[in-house]
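This report refers to the structure that appears directly beneath it.
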Amino acid sequence: MSYPYGEATKVIHGNHPKNALGALAAPIYQTSTFIFDSAEQGGRRFAGQESGYIYSRLGNPTTSQLEEKIALLEGGEDCIAFSSGMGAISGTLLSLLRAGDHIVADNTLYGCTFALISETLPKFGIETTVLDMSDEAAFQAAMRPDTKLVYFETIANPSMKVIDIEAVASYAHKVAPGCLVVVDNTFATPLLVKPLSLGADIVVHSATKYLNGHGDVVAGFSVARKEIGDTIRMVGLKDITGAVLGPQEAFLILRGLKTLKVRMDGICANALKVVEFLKQAPQVEKVYFPGLPEHPNYETAKKELKQFGGMISFEMRSFEEAKKALNHMKLCVLAVSLGDCETLIQHPASMTHSMYSKEEIEAAGFSDRLIRFSVGLEDADDIIADLKQAFEAAEEK
Ligand code: LCS
């Protein structure tokens with residue numbers, strides 16, 4: 001559907017029709033079920049012969065309004081809301097795959113996604129090839145004519161790897177017709193890149209992060225064309241996971257979304273200043289940020305991303321120093337998750353990626369000296385001053 005407005009307008013207005021009473025904010029339909037006018041009407045709704053709500057695991061008007069806005073932002077036909085990012089990812093993969101299928105996935109993924117792909121899916125008879133997908137030759141060698149699905153993150157957690165979506169999607173579709181390319185766009189958000197427009201088939205999100213943006217909701221989305229969306233909703237959401245998003249959470253995300261553009265602009269601008277500081281800090285050995293010319297995927301990032309995002313990782317000189325620095329933060333908050341107004345800092349090897357073995361961490365290109373930083377919306381000078389004092393405290397014998 002053509003939409004004549006820009007991104008800032010889109011996140012505020014969406015294209016949802018005015019509600020019946022003209023409320024500006026989305027009404028919260030706090031109901032589990034919907035009353036039928038007659039037994040015949042109930043039957044028609046279940047048979048798909050009449051539109052209308054039935055039961056909130058199958059659809060809810062507050063959640064629908066949010067789904068329409070996310071579909072609009074990602075440029076997809078359909079969006080299915082889940083009660084977490086992992087709900088969206090598992091609901092999507094489990095509804096589209098079956099025993100005997102082969103999938104290819106990147107080796108740098110959020111820890112629980114990595115566990116799902118490398119450990120759980122094989123238990124259900126799905127063969128998974130996990131490798132560094134930014135290595136084009138290795139990716140092409142791993143693809144088979146019967147590969148059913150390819151999975152990676154737009155900006156990978158926590159190494160900030162950026163894989164060329166267009167190149168991967170066109171190769172996957174060429175050698176394995178019908179192969180579904182699934183991209184987790186949590187770190188970039190649709191404001192930095194729209195994977196569907198580059199050839200991906202499905203976009204998944206943890207909306208817990210930037211989309212909601214205020215650290216008070218856990219949620220996820222899957223965005224796809226209609227026929228795939230129908231399967232994800234009617235199998236992955238309705239039957240397999242039942243991980244339905246509640247209307248209160250949907251309302252909060254609709255509210256949070258209104259400021260997505262200004263939040264992302266502010267966070268991306270702050271991140272550039274923090275990176276400048278980190279680059280010259282003597283306690284930091286290496287900075288992982290896709291906007292740095294020395295980043296191995298800088299050219300892809302420059303081509304693909306509107307801005308470089310607000311996630312930075314950096315390696316300290318030792319594990320001890322990394323731990324001490326984390327313990328000396330005064331303003332930056334020591335917590336997992338990301339994409340909030342507050343700057344959040346955490347240690348992937350022992351926290352978000354603790355399910356990776358030592359060898360898997362190495363293969364993914366980071367170490368236990370790595371700290372991951374989700375830049376917030378505080379004054380950049382305050383964030384930098386906090387890092388500086390924590391680094392200096394970490395150095396003291
Ligand atoms: N995808 C990505 C890229 C993520 O970073 C996360 C969570 C998920 C999916 C799962 O979403 P959830 O179920 O938590 O809504 N990432 C986290 C992180 O890095 N720290 O805490 C959670």
Quiz item: Salt bridge between Arg144 and Glu127, side-chain N to carboxylate O under 4.0 Å?
Solution: yes
Quiz item: So does Glu50 pair up with Arg44, basic N to acidic O under 4.0 Å?
Solution: yes
Flag for [Y]-[X]: side-chain donor and acceptor within less than 3.5 Å:
{"X": "Lys303", "Y": "Thr300", "answer": "no"}
{"X": "Lys161", "Y": "Asn107", "answer": "yes"}
{"X": "Asn157", "Y": "Arg372", "answer": "yes"}
{"X": "Glu315", "Y": "Ser367", "answer": "yes"}
{"X": "Thr154", "Y": "Asn185", "answer": "yes"}

Exercise. May I have the step-by-step check of side-chain hydrogen bond (donor to acceptor under 3.5 Å, both in side chains) for Tyr171 and Glu136, ending in yes or no?
Key: CA-CA 10 Å; Tyr171 188 81; Glu136 205 176 310; over 6 Å; no
Quiz prompt | Main-chain N/O of Cys332 paired with Asp386 side-chain donor or acceptor, under 3.5 Å | solution = yes
Quiz prompt | Donor-acceptor contact below 3.5 Å, side chain Ser64 vs main chain Asn60 | solution = yes
Quiz prompt | Ile70 reachable from Tyr5 in the ILVMFWY side-chain graph, under 4.5 Å edges | solution = no
Could you tell me whether the side chain of [Y] reaches within less than 4.5 Å of the side chain of [X], counting heavy atoms only?
{"X": "Phe187", "Y": "Leu192", "value": "no"}
{"X": "Glu67", "Y": "Asp78", "value": "no"}
{"X": "Tyr210", "Y": "Thr186", "value": "no"}

Self-check item: Over 12 foreign heavy atoms within 6.0 Å of NZ, Lys388
Solution: no
Quiz item: Can you check whether Phe82 and His205 have ring centres sitting under 6.0 Å from each other?
Solution: no
Quiz item: So, do Phe314 and Phe391 have ring centers that fall under 6.0 Å from each other?
Solution: yes
Exercise. Mind jotting down which residue pairs meet the salt bridge (charged side-chain N to carboxylate O under 4.0 Å, His left out) criterion with at least one end in residues 263-283? Sequence neighbours excluded, please.
Key: Lys261-Asp265
Quiz item: Using 30° and 60° as the class limits, which term best fits the ring planes of His353 and Tyr356: parallel, tilted or perpendicular?
Solution: tilted
Practice problem: Decide side-chain hydrogen bond (donor to acceptor under 3.5 Å, both in side chains) for Gln283 and Glu395; before the verdict, give the C-alpha distance in whole Å, the side-chain angles of both, and the deciding distance to 0.1 Å. | Solution: CA-CA 8 Å; Gln283 301 86 350; Glu395 267 188 320; 3.1 Å; yes
